[in-house]
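Positions are given from 1 along the sequence. Order of listing sets the numbers, starting from 1, for every ligand and every atom in it. What you see is a predicted model, and the numbers here were worked out from it, not measured in a lab.
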Amino acid sequence: MSFNYVIHCDLAGANCLIVGGGKVALRKVQTLLETGAQVTVVAPDFLPDLAGIEHERLHCLRQPFTIEDLANRDLVFVATNDRALNEEIAAACRDRHIPVNVADSRSESTFIVPALLQKEDLLISIATNGKNPGYSRALKAYLNDQIDDRFLEALDIWCAVRDRVKEKVQGQTEREKILRRLSLLDLIKAMETAPKEDVYRKVIECLLL
Ligand SMILES: C[C@@]1(CC(=O)O)c2cc3[nH]c(cc4nc(cc5[nH]c(cc(n2)[C@H]1CCC(=O)O)[C@@](C)(CC(=O)O)[C@@H]5CCC(=O)O)C(CC(=O)O)=C4CCC(=O)O)c(CCC(=O)O)c3CC(=O)O
Ligand SMILES: NC(=O)C1=CN([C@@H]2O[C@H](COP(=O)(O)OP(=O)(O)OC[C@H]3O[C@@H](n4cnc5c(N)ncnc54)[C@H](O)[C@@H]3O)[C@@H](O)[C@H]2O)C=CC1
């Protein structure tokens, strides 16, 4: 089993279900609410920290899971402390072609959640194929220190250059050839001695745009 195809989804308005109201559910609720998804949690008992969240897109059902809870869901997260129940819900989701994440079983999941390092539009997702989330978290903390503001400024310059190339150069192959000449490390080095605007102008000059 290999979770080796990564996509970055826009979950705004998506209908997500979390089964279970414990520590894992709390973690998933926090990250899902940030995406703009509608989040329903179903469980007989909720952690106080979870029960205490008031949010217009969060809907808590204090009752045991029933199969009707799967109706119209776009994504399901299974996180009860009942192994047999988790397995049963996962199978029901797969039957209905609903993507499902199972907190205590990689093999029953159709997707896993990576650690996400997000800085503005720069998104770096880290996973260990489900083997060690603590390692993913540690690598995220390490990269968080390495990826400083220069990388975001380099992204700004690269986007501005790309817009300019799209405007000035005809033909996809020609545009690609020019953009391939950009070097991330050179941009970052150039920004050590010159302001962003100057670096942009220099790049445009070098690329004869
Ligand atoms: C397979 C996967 C399925 C999934 O949930 O998608 C999974 C499964 C399991 N997690 C376990 C434990 C913990 N998970 C965390 C935290 C995170 N777990 C996340 C993802 C994933 N967890 C997927 C794999 C990702 C990958 O490929 O690396 C993160 C990245 C994303 C997120 O959940 O949002 C998020 C960190 C986010 C961040 O900080 O940015 C902590 C808390 C901590 O570390 O602080 C602990 C307790 C400490 C520990 O055990 O390490 C256990 C053992 C349970 C047991 O012992 O019984 C299992 C089950 C098993 O391993 O079988
Ligand atoms: N603690 C952690 O960080 C991680 C734990 N796990 C595993 O994931 C599972 C959940 O972990 P926690 O959130 O820590 O457990 P927890 O014990 O904090 O919460 C379990 C939740 O499941 C709910 N539940 C029980 N029966 C239910 C039913 N019939 N319908 C709906 N909800 C029901 C309970 O009310 C409770 O809210 C466990 O199997 C655990 O081994 C997996 C990854 C990480």
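Proximity annotation for atom 38 (C) of ligand 2: of V24, T80, L61, T80 comes nearest, heavy atoms only. Among D104, V113, L116, the residue whose heavy atom lies closest to atom 25 (C) of ligand 1 is V113. Which of S105, A79, P44 comes nearest to atom 27 (C) of ligand 2 through a heavy atom is settled by distance: it is P44. Heavy-atom proximity to atom 43 (C) of ligand 1, evaluated over K140, K28, R137, is greatest for R137. Nearest to atom 21 (C) of ligand 2 by heavy-atom distance, out of G21, A51, G134, is G21. In this structure, of T66, L85, N81, L50, the residue bringing a heavy atom nearest to atom 20 (C) of ligand 2 is N81.
With a 4.0 Å heavy-atom cut-off, ligand 1 is reached by the backbone of A115 and by its side chain too. Looking at V42 against ligand 2, only its backbone comes within 4.0 Å, counting heavy atoms. Looking at I126 against ligand 1, nothing comes within 4.0 Å, counting heavy atoms. When heavy-atom distances to ligand 1 are checked against a 4.0 Å cut-off, S105 has no atom that comes that close, whether in backbone or side chain. With a 4.0 Å cut-off on non-hydrogen atoms, L26 does not touch ligand 2 at all. No part of S109 comes within 4.0 Å of ligand 1, judged by heavy-atom distances.
Looking at ligand 1, you'll find an N or O of T128 within less than 3.5 Å of one of its N or O atoms.
Within a 4.0 Å radius of atom 15 (O) of ligand 2, the protein has no heavy atom. Distance check for atom 40 (C) of ligand 2: every protein heavy atom is found at 4.0 Å or beyond.
Regarding atom 24 (C) of ligand 1, its nearest protein heavy-atom neighbour is G130 CA, 3.6 Å. When only non-hydrogen protein atoms are considered, atom 10 (N) of ligand 1 lies nearest to P133 CG, 3.3 Å. Counting protein heavy atoms only, atom 60 (C) of ligand 1 is closest to A103 O, 4.6 Å. Given atom 51 (O) of ligand 1, the protein heavy atom at minimum distance is G134 N, 4.0 Å. The nearest heavy-atom contact from the protein to atom 30 (N) of ligand 2 is F65 N, 3.0 Å. Looking only at protein heavy atoms, the nearest one to atom 23 (C) of ligand 2 is G20 CA, 3.8 Å. Ranking the protein heavy atoms by distance from atom 3 (C) of ligand 1 puts N101 ND2, 3.8 Å first. The protein non-hydrogen atom at the shortest distance from atom 3 (O) of ligand 2 is R27 NH1, 3.6 Å. Of all protein heavy atoms, the one lying nearest to atom 35 (C) of ligand 1 is R27 NE, 3.7 Å. Scanning all protein heavy atoms for the shortest distance to atom 34 (C) of ligand 2 gives D45 O, 4.1 Å. Scanning the protein heavy atoms around atom 28 (O) of ligand 1, the nearest turns out to be S136 OG, 2.6 Å.
The atoms of ligand 2 that sit less than 4.0 Å from any heavy atom of A103 are 8 (O), 42 (C), 43 (C). Atoms of ligand 2 lying under 4.0 Å from at least one heavy atom of K23, given by number and element, are 1 (N), 12 (P), 13 (O), 14 (O), 18 (O). When each atom of ligand 2 is checked for a heavy atom of G22 under 4.0 Å away, the hits are 13 (O), 16 (P), 18 (O), 19 (O), 21 (C), 37 (O). Residue A43 has at least one heavy-atom neighbour below 4.0 Å for each of these atoms of ligand 2: 31 (C), 32 (N). Close contacts of ligand 2 with D104, meaning ligand atoms under 4.0 Å from a residue heavy atom, involve 7 (C), 39 (O). In the vicinity of V19, heavy-atom distances shorter than 4.0 Å reach the ligand 2 atoms 31 (C). In summary, the atoms of ligand 2 found under 4.0 Å from a heavy atom of P64, numbered by their order in the structure, are 29 (N), 30 (N).
At distances below 3.5 Å, not a single donor-acceptor pair connects side-chain atoms of N101 with backbone N or O atoms of S109. No donor-acceptor distance shorter than 3.5 angstrom exists from the side chain of K28 to the backbone of V78, with no hydrogens or angles considered.
Between R201 and E197 no salt bridge is recorded (no basic side-chain N to carboxylate O distance below 4.0 Å).
Taking CG of N15 as the start and CZ of R73 as the end, the distance is 4.5 Å to the nearest 0.5 Å. In this structure, L85 CG and T80 OG1 are separated by 4.5 Å, a value rounded to the nearest 0.5 Å. Atoms CZ and CH2, from F151 and W158 in turn, are 11.5 Å apart once rounded to the nearest 0.5 Å. The distance from the OG atom of S105 to the CD atom of E87 is 7.5 Å, given to the nearest 0.5 Å.
Contact analysis leaves R83 out of contact with ligand 2, as no non-hydrogen atom separation drops below 4.0 angstrom. Using a 4.0 Å heavy-atom cutoff, D82 is absent from the residues neighbouring ligand 2.
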Walk me through whether E34 and Q30 qualify under side-chain hydrogen bond (donor to acceptor under 3.5 Å, both in side chains).
CA-CA 7 Å; E34 280 175 31; Q30 286 163 335; over 6 Å; no
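Contact annotation: the side chain of L116 approaches that of L123 to within less than 4.5 Å [non-hydrogen atoms, C-beta and beyond].
Residues V102 and F65 are members of one and the same hydrophobic cluster, defined by side-chain heavy-atom contacts under 4.5 angstrom among Ile, Leu, Val, Met, Phe, Trp and Tyr. I204 and V199 fall within a single hydrophobic cluster, where Ile, Leu, Val, Met, Phe, Trp and Tyr side chains are chained together by heavy-atom contacts under 4.5 Å. Hydrophobic clustering places V113 together with L26 (ILVMFWY residues linked when any side-chain heavy atoms are closer than 4.5 Å, directly or through intermediates). L32 and V100 are members of different hydrophobic clusters when ILVMFWY side chains are connected at heavy-atom separations under 4.5 Å. Under a hydrophobic-cluster definition in which Ile, Leu, Val, Met, Phe, Trp and Tyr are linked whenever side-chain heavy atoms come within less than 4.5 Å, directly or via other members, L75 and I112 are assigned to different clusters.
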